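Everything quoted here is computed from the prediction, not taken from an experiment. A note on names: the letters A, B, ... follow the listed sequences, proteins ahead of strands, and every chain is numbered from 1.
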Protein chains: 2
Amino acid sequence: MSNNNNNICKRLKKEELYKAKWIALNQLTFSDPNGKERLWETVDRTTRVGEVDGVDIIALVTKEDQKKYIVLTVQYRPPVDAMVIEFPAGLIDQDETAEQAAIRELKEETGYTGERVDSISSILALEPGLSSANAQICTINVMYTFPHPSIAKPKQHLEDGEFIEVIVVPLNNLLDTLQNLTKKYHKCIIDAKVYTFALGMSIKV
Amino acid sequence: MSNNNNNICKRLKKEELYKAKWIALNQLTFSDPNGKERLWETVDRTTRVGEVDGVDIIALVTKEDQKKYIVLTVQYRPPVDAMVIEFPAGLIDQDETAEQAAIRELKEETGYTGERVDSISSILALEPGLSSANAQICTINVMYTFPHPSIAKPKQHLEDGEFIEVIVVPLNNLLDTLQNLTKKYHKCIIDAKVYTFALGMSIKV
């Protein structure tokens, strides 16, 4: 059983193999449940200021048609050399809570604003076989008071080097919508979290 | 617009900063939509044989009570130094399709078997700001023919160094179940894809 000391893995050592500006490559030594020492290579972001790297934001909008929509971003991501459909997201700054980061990043990346975070996850692993990268997922109900979207389009506040397209799509049939969206861009893929969110919505219990 | 050549980012160069056994740290040079050259650090798995690193498996079971369940794994993940609740998953081997990898990994990690993959995603980005890590997500309806779970518990076929606990939980109220499960283990977190799947299930359109 997992609460039995004999079945708990323990980290014993962390050695730096290489440190770049944004990413460090480290080798871990840990003991397995049989007490045997094992090695694992891992990647850490060098930018983490607290326990968590960043936030992903599930921003929901109810428009004047009373239907629910979700705010997503599309941007070129160098690591995958493709446009990626993602939740708005960002790293948590110094002296900032995850909730504050979520409201700030949503505003900066998309122009949409929320008064508060409606729900926040515990710390989640993003790719736990490869890296320590983690995040908290916040849901925000966007304040939608524009008389008409074509008149008052929310204004992004992007940093130098950020080129982010904002899309607002209906929650209904999100999985199909995502698959159709990838065809509209040159080399476009979906972030796995967005996909599993849409897949979860499509499951009937 | 994204199909305008002036707004397409292009990868220009990939330089190796450090190569370990399982992970390589590379620096990318790309041109932004204004034609300006920019740098990005990224991580690649050295194990990829085709276009995709691995598969995640959403394995659904209908038990004799006619209720739907999902098969999840719990294991210690050295990069996050915690137990992580995940979908069964694994890397795609040489000469193997994603579908074959999904059926094989489900059997090896959990003992549960499926005849076929019922749906497979396109290639999805796992952490596209940090790494090229990608996956395809397969859904498999598990063949559940055991007379009684306590009599015929599926048998895992784990590799040396794999210590994976299998849990089968109801799809109904999955988000609450996950949050309660984390309390049952010493230092336990949820994989972000599992969380967004459960969150999607909880959303009413």
Side-chain angles (χ1 to χ4, degrees), chain A residues 2-3 8-9 11 17-18 20-23 25 28 30 32-33 38 40-43 45 58 68 76-81 83-84 121-135 137 161 163 165 171-172 182 185-186 189-193 195-201 203 205, chain B residues 2-3 8-9 11 17-18 20-23 25 28 30 32-33 38 40-43 45 58 68 76-81 83-84 121-135 137 161 163 165 171-172 182 185-186 189-193 195-201 203 205:
Chain A
S2 349
N3 288 319
I8 289 181
C9 296
R11 182 183 288 187
L17 298 178
Y18 189 89
K21 186 176 177 189
W22 306 100
I23 305 175
L25 182 46
L28 305 171
F30 67 101
D32 77 14
R38 293 181 180 273
W40 199 280
E41 291 167 6
T42 187
V43 165
R45 286 186 184 275
I58 296 186
K68 283 192 188 170
Y76 175 78
R77 290 297 208 165
V80 289
D81 192 23
M83 302 291 283
V84 186
S121 75
S122 50
I123 298 174
L124 307 170
L126 291 173
E127 174 61 336
L130 180 70
S131 79
S132 63
N134 63 9
I137 292 184
F163 301 88
E165 185 174 344
L171 271 183
N172 195 25
T182 60
Y185 298 86
H186 175 69
I189 63 177
I190 305 166
D191 178 86
K193 298 183 293 299
Y195 183 88
T196 51
F197 178 78
L199 189 62
M201 289 193 66
I203 297 274
V205 177
Chain B
S2 348
N3 287 319
I8 289 180
C9 296
R11 182 182 286 186
L17 298 179
Y18 188 89
K21 186 175 177 191
W22 307 100
I23 304 175
L25 182 46
L28 304 171
F30 68 101
D32 77 13
R38 294 181 179 273
W40 201 280
E41 291 168 6
T42 187
V43 165
R45 287 186 184 274
I58 296 185
K68 284 190 188 171
Y76 175 78
R77 290 296 208 166
V80 289
D81 193 23
M83 303 291 284
V84 186
S121 75
S122 50
I123 298 174
L124 306 171
L126 291 172
E127 175 61 336
L130 181 69
S131 78
S132 63
N134 62 10
I137 292 183
F163 302 88
E165 186 174 343
L171 271 184
N172 195 23
T182 60
Y185 299 86
H186 175 69
I189 63 177
I190 306 166
D191 178 87
K193 297 181 293 298
Y195 182 88
T196 50
F197 178 77
L199 189 62
M201 288 193 67
I203 298 273
V205 178

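Among I137(A), V80(A), L17(A), I23(A), the residue with the largest count of heavy-atom pairs under 4.5 Å with chain B is I23(A). For the set R11(B), E127(B), K193(B), the count of heavy-atom pairs under 4.5 angstrom toward chain A peaks at R11(B). Most heavy-atom pairs under 4.5 Å with chain A: of the set L130(B), N134(B), L126(B), T42(B), this distinction falls to L130(B). With chain B as the partner, the residue from G161(A), A198(A), S122(A) showing the most heavy-atom pairs under 4.5 Å is G161(A). For the set P128(B), S121(B), A192(B), the entry with the most heavy-atom pairs within less than 4.5 Å of chain A is P128(B). Taking L171(B), I58(B), V84(B), D191(B) one by one and counting their heavy-atom pairs under 4.5 Å with chain A, the maximum is reached by D191(B).
Counting heavy atoms from C-beta outward, I190(A) and T182(A) have side chains that approach closer than 4.5 Å. The side-chain heavy atoms of F197(A) and F197(B), taken from C-beta on, include no pair separated by under 4.5 Å. Within the 4.5 Å cutoff, the side chain of C9(B) has no heavy atoms near those of the P78(A) side chain. Two residues are said to be in side-chain contact when any heavy atoms from C-beta on lie closer than 4.5 Å; K21(A) and E41(B) meet this criterion.
L25(A) contributes atom CG, which lies 10.0 Å from atom OH of Y18(A) (distance to the nearest 0.5 angstrom). Distance check: S131(A) OG to R77(B) CZ gives 11.0 Å after rounding to the nearest 0.5 Å.
The part of R38(A) that comes within reach of chain B is its side chain, from C-beta onward, which places non-hydrogen atoms under 4.5 angstrom from that chain. For L28(B), the part lying near chain A is the side chain, with the backbone staying farther off; criterion is any non-hydrogen pair under 4.5 Å. Contacts between N172(A) and chain B at a heavy-atom distance below 4.5 Å involve backbone atoms as well as side-chain atoms. For a residue to count as touching a neighbouring chain, one of its non-hydrogen atoms must lie under 4.5 Å from one of that chain's; by this rule A20(A) touches chain B with backbone and side chain alike. Looking at W22(A), the atoms closer than 4.5 Å to chain B (heavy atoms on both sides) sit in the backbone and in the side chain alike.
Judged by distance alone, the side chains of Y76(B) and D32(A) never bring a donor and an acceptor atom under 3.5 Å apart.
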